[in-house]
Amino acid sequence: MSVTTSNPVPAQGEFARFAARFAEDRVAVFGLVLLFVIVAMALLAPFISPQNPYDLGKVDIMDSRQPPGAKAGDGFAMLLGSDGMGRDLFSSILYGLRISLTVGVLSGVLAATLGLVLGLIAAYAGGRIETLIMRIVDLQLSLPSVLVALILVALLGKGIDKIILALVVVQWAYYARTVRGSALVERRKEYVEAARSLGLSHARTVFRHILPNCLAPVIVIATVQTAHAISLEATLSFLGVGLPQTEPSLGVLIANGFQYMLSGKYWISFFPGLALLLTIVAINLVGDRLRDVLNPRLEK
Amino acid sequence: MLAFVIRRLAQAFFVVVAMVVLVFFGTYVIGDPVWMMVPGDATQEQVEEVRRTFGFDQPVYMQFLTFLGDVLRGEFGRSYVHGSSAIGLILDRMPATLELALAALVLAIVIGLPLGLFAGLKPDHPASRGIMAVSILGFSLPTFWVGLMLIMLFSVMLGWLPATGRGPTMVILGIETSLFSLEGWRHLFLPALNLALLKISLVIRLTRSGAREASLQDYVKFARAKGLSPRRIIGVHILKNIMIPIVTVLGLEFGSLVAFSVVTETIFAWPGMGKLLLEAIQRLDRPLIVGYVMVVVLLFVTINLIVDILYSALDPRVRLTGSQS
Amino acid sequence: MAEPVLAVDNLATHFFTRDGVVKSVDGVSFTVAPGEVLGLVGESGSGKSVTGFSIMGLIDPPGRIVSGSIRLKGEELVGRTEAEMRAVRGRSLAMIFQDPMMTLNPVLRIDTQMMEAVQAHEKVSDKAARDRAVQALAQVGIPSPEERLSAYPHQFSGGMRQRVAIAIALIHRPALIIADEPTTALDVTIQSQILAEVQKLCAESGTALVWITHDLAVVAGLADRVAVMYAGRIVEQGLVDHVLDRPLHPYTHGLIGSVPGEAMPGKRLMQIPGSTPSLGRLPPGCAFEPRCSRAVETCRAGAPPLAQGSQGRAYRCINPVPAEEAA
């Protein structure tokens, strides 16, 4: 996104003020720190996990379904126990986080880009194009995302690329609607008139002047939507129509533990779910605060 | 008012048509169902046989017209897997899903409304902060995982409630329901609570912000100046104002409850149409998928219509503008 | 003089905000005799509305009445429980609000809102309550009240809504009505109608009136006595004619000078320089001193004491406007 050059991007002092406002809410700061820790752990998974759960040479079937804290055959303690295949659950979760976060962030970025472009086109072009785009947006938003994603994934088949595609389809409309809304407001403002009268091209007016001013709401939506996407992917994977066993996201891990649940081996589903929950809570806490800070209407 | 209803009907019609087209091309273009219906070692002749039987050898537009005719007659063909009428299968399962969704909606209101009202009227009370924290958590909790935890806690560890299935049902006014036996309620409670979870948070938030806004309005101060009791002010003046957004949003959310019941029904083995859909998806049972989507779209459109009319019934200002336009 | 309907003595209402204590009302005293109309005048933020709400017992946290006394027909209101206040509100003490668009609940019909006012204080049947509502509407000059009763507020104009609010306030023939700028939001022509109506109705029922306003012209036409508030204090009070003809406090003098009709033709309108001070950070001396043209050194030393004159005349100034300037 071409944001870096034009003036409405917060300057140094503005960013400091923004950070200070954000930090007023301790819970949100906690969420931010938690999010950093989670992302760092996911990124560093190969270095900090006691076992590579997908290296068949390292996994011993004799270690399967061990409760939290049990010692593995290799001698390390399995903090959160092990799953039905004898994989250390803590390690599986770290690797699973990588996949879940990747799917969430990638689908978020793609959906945001698509929504931004279509939203800007709708706001700027107006007329029939706008009507068409907004009708599709309305239709999309009137259907529950879980249903649309479920049917798309059912038709497309399993695979990380397909699930990302499905998540983009269910998310883009939120961005498009918001961007159009704020772009319409921005478009009426004087500086756009000024930019036009200077003879700037349409593209330049849109991307240099309108776009940067629509970014605040997009950032807020992006946090909420990314959390939603991660949750949705986990749901689909849990239902067996999302990611395959070869891409074991948190949802796949939880699904794998489901069969052991009724026999009281709760940890195989519980801990991946807890990781999922913490991730989503962290993102939502940050998103909530961002909405408060970035929304000028709420500012006192 | 009439013009308003007609306009809304036209909109609803547009949505249904768009969905018919989308569904048809979605299922036609993506995936060839024939391969799901023949054994792996089938000969070319057998495949062609199946293709002819189900009309897949016709050109696309012919298939679309056939499909359109079927939709108009409410006929979506026979389920590949079950061999019986798809729409019949879906309608058989519908009461169970509606029962679940309705129970979830009621739970969401019964739990969410008082909590939200409290948090909105006493925003500085420590309990209000607790309620809001819980509601953020409720928004974040992945439904399916909470379902697992509910089973683990109430069924496996405490053994209080059954983990799966629906209780005994009986037919009341032509509808099969499990609401008239204790066992039925015992089976219903966990899945309904699970499904209600997200909506509880939503109701809390809506009620809280509505109550906060309303309690600062002059009409509440004026009502107090009249010497009205707090019960009357909250129960009539504030509640009637915040019921408008709540009814609107919840009505629209009912559709999403039906959709989300796919997840809950799968976890709790609840024999509704959501579970049927998931089975159909796993086996690429096209008539069932198409039938389900069309039924749900119709359900949605109907709900939206009802909500709009309810909305105008609740808010006198809308009623007026509706009759003028 | 008969026993006053309302006696406010040394009332102080403070708001305990995160940025400090805001002394919205700080040592206000006045009385209202039966049937009398008192004009309570001041700029926005002077504490006049807070005074009104304090009397009604409608101050919400973070605000609180910290000291003083409010006696209605001799009975102390400060320190009463909410339930005890509720028995008074709407019955012997009523209030009319500034914006008629906001005071009636938009989703309830007029009859609901009027009947509940009746039934809040009297155990009467719905039928009887409805009849009372019809009478009250007719009294305030609403045509075909029977029909209008089942309408919703948005079907009324602003002036009509204010009449409904007045009807509700009068429904129990209260001893005192507090009117918080009830005509400010209305058109000028409607304003004078409402003014005349209220004046007539209060005279008929012997109801005393505290009319809160920033508009001296309204006070001149309506009130018997006037109290001028500035920064949470009453800086001058007395009979309307006395105060308006011969203001003693420079602030009152300035207010009168800034009313277009009062100034001499051709003469420039007077202005009070500066703006209302923040109530959180008042100067130690007279609050008006920074804006006052007559300020002297001693004004800064401490709050000026109350100087009493005859016929309830009182003012807080150590260097009052001399007679020759006031005219």
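In what follows, chains are A, B, ... by sequence order, proteins preceding strands, each numbered from 1. Quick caveat, the model's predicted, so the values are computed rather than measured.
B/Lys199 places a side-chain heavy atom less than 4.5 Å from the side chain of B/Ser256. Taking 4.5 Å as the limit, every side-chain heavy atom of B/Val262 sits out of range of all side-chain heavy atoms of A/Val146. Under the 4.5 Å side-chain criterion, counting only non-hydrogen atoms from C-beta, A/Arg291 is in contact with A/Asp288.
Of the two parts of B/Val146, neither the backbone nor the side chain holds a non-hydrogen atom closer than 4.5 Å to a non-hydrogen atom of chain A. Heavy atoms closer than 4.5 Å to chain A are found in the side chain of B/Leu277, but not in its backbone. The part of B/Ile151 that comes within reach of chain A is its side chain, from C-beta onward, which places non-hydrogen atoms under 4.5 angstrom from that chain. Both the backbone and the side chain of B/Leu148 come within less than 4.5 Å of a heavy atom in chain A. Looking at A/Val241, only its side chain comes within 4.5 Å of chain B, counting heavy atoms on both sides. With a 4.5 angstrom heavy-atom cutoff, B/Val296 touches chain A only via side-chain atoms. In this structure, chain B has no heavy atom under 4.5 Å from any part of A/Ala227.
Pairing each heavy atom of B/Leu100 with each of B/Ser261, the nearest pair is CD2-CB, 4.2 Å.
The CZ atom of B/Phe254 sits 5.0 Å away from atom CG of B/Leu102, with the distance rounded to the nearest 0.5 Å.
For the side-chain contact (heavy atoms from CB on, under 4.5 Å) test with A/Val103, the passing option among A/Leu232, A/Thr226, A/Ile164 is A/Ile164; the others fail.
Interface summary for chain B: among A/Ile230, A/Leu236, A/Leu274, A/Val148, the most heavy-atom pairs under 4.5 angstrom belong to A/Leu274.
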